Amino acid sequence: MTPPFRDVPLCYLDPKRCVVTATPTLVSTVLGSCVGVTMHDPVSGVGGMAHAFLPYRREFPEDREAPCKFVDDALEHLLAACARLGASASRLEIKLFGGAEIMDRAASGGAGLRVGERNVLAAREGLAARGLRLLAEDVGGVRGRKVLFLTHTGGVWVKKLG
Amino acid sequence: MEHCIAPVEDIVVATAPKLRQQVELAIASGASLLRLDLRQVEFVDSVGLSVIIGASMSMQRAGGVLEVFNARPDVRDLFHTMRLDDHFAVLPLPGAP
């Protein structure tokens, strides 16, 4: 009997959310000042992505809204979830996207809130502290990004918006 | 047995169901080689991509293969960036840069 046809699952990743799976999945999201971190283990096929909103949990210690709201928490959560599904940290291909400065600089006193820049910094710091390196990144600027991530290949397609 | 599908418009959320139906028919007919002619396709969105990846994986499960050909540069770039050309053949449109 011929196996049935199935689309690859499509997952839209909202801000403050993560997805980690061993099932081939196409993840899409749109990033502004948020950062997206993708992880992929080419041996186990496990892949995951976080869409983090703000840099550090310590700046909002009472906030327990979502495990991937803060970049530092999101990295921890993503790494733990990848490991639970059989990924090895030493094999992970990690990529970083987003962190644009899209806030109205005039409305925030001229200098801007630098949320995007701080999100990128938090991601780089968090990875370096764990001895993990970025394989690729597309960060900064003033334009948002549409991102597609395929969990079982680790491939990421990025289009700048506007 | 070879089966060819040639979409005549972009593969996006509105048109992906038709491609899905054509792929289902091809698999049900026992095709061992499914060739997707993308000569007239300038854009593939995430829904279209999920159908094409699903076609490749469904063909593999059935013991066959998917081959994409006549891919325009932007579409070929999408498949390459997503590392899909490691999973099925993606051949360019002749004469395209």
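Chain naming here is simple, since letters A, B, ... match the order of the sequence lines and numbering starts at 1 in each. The shown structure was predicted, so the numbers you read here are calculated from the model rather than taken from an experiment.
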hydrophobic_cluster_shared for Leu10(A) and Val8(A), side chain cutoff 4.5 Å: yes
Atom pair NZ (Lys159(A)) and CG (Leu78(B)), whose distance is rounded to the nearest 0.5 Å: 11.0 Å
Arg143(A), CZ: over 12 other non-hydrogen atoms inside 6.0 angstrom: yes
Phe5(A) versus Ser58(B), closest heavy-atom pair with distance: CD1-OG, 3.2 Å
Audit row: Leu148(A), Leu49(B), side-chain contact (heavy atoms from CB on, under 4.5 Å) steps and yes/no: CA-CA 10 Å; Leu148(A) 297 178; Leu49(B) 199 55; 4.2 Å; yes
Structural part of Pro9(A) lying under 4.5 Å from a heavy atom of chain B: neither
Heavy-atom contact with chain B under 4.5 Å, split by part of Tyr12(A): neither
Spacing of Trp157(A) atom CH2 and Ser46(B) atom OG [to the nearest 0.5 Å]: 9.0 Å
Residue that, paired with Ser50(B), satisfies side-chain contact (heavy atoms from CB on, under 4.5 Å) out of Thr25(A), Leu150(A), Asp7(A): Asp7(A)
Test side-chain contact (heavy atoms from CB on, under 4.5 Å) applied to Val156(A) and Thr81(B), step by step: CA-CA 6 Å; Val156(A) 181; Thr81(B) 306; 5.8 Å; no
Residues, nucleotides or ligands: over 12 heavy atoms within 6.0 Å of Arg145(A) CZ: yes
Path from Leu134(A) to Leu78(A) over hydrophobic side-chain contacts below 4.5 Å: yes
CZ (Arg39(B)) with more than 12 external heavy atoms under 6.0 Å: no
Part of His80(B) within contact of chain A (heavy atom distance under 4.5 Å): neither
Linked, directly or transitively: Val147(A) and Val71(A) (ILVMFWY side chains, under 4.5 Å): no
Evaluation steps, side-chain contact (heavy atoms from CB on, under 4.5 Å), between Leu26(A) and Met82(B): CA-CA 10 Å; Leu26(A) 181 59; Met82(B) 301 301 285; 3.7 Å; yes
Step-by-step side-chain contact (heavy atoms from CB on, under 4.5 Å) determination, Glu24(B) to Arg6(A): CA-CA 9 Å; Glu24(B) 284 171 343; Arg6(A) 288 193 299 268; over 6 Å; no
More than 12 heavy atoms from other groups under 6.0 Å of CD on Glu2(B): yes
Interface moiety of Leu84(B) toward chain A, non-hydrogen atoms closer than 4.5 Å: side chain
Residues Glu93(A) and Arg83(B) bridged, charged N to O under 4.0 Å: yes
CG/Asp74(B): more than 12 non-hydrogen atoms of other groups inside 6.0 Å: no
Co-membership, hydrophobic cluster, residues Val35(A) and Val27(A), 4.5 Å side-chain: no
Region of Val23(B) in contact with chain A, defined by heavy-atom distances below 4.5 Å: side chain
Which of Ala16(B), Gly54(B), Ser56(B) touches chain A most, by non-hydrogen pairs under 4.5 Å: Gly54(B)
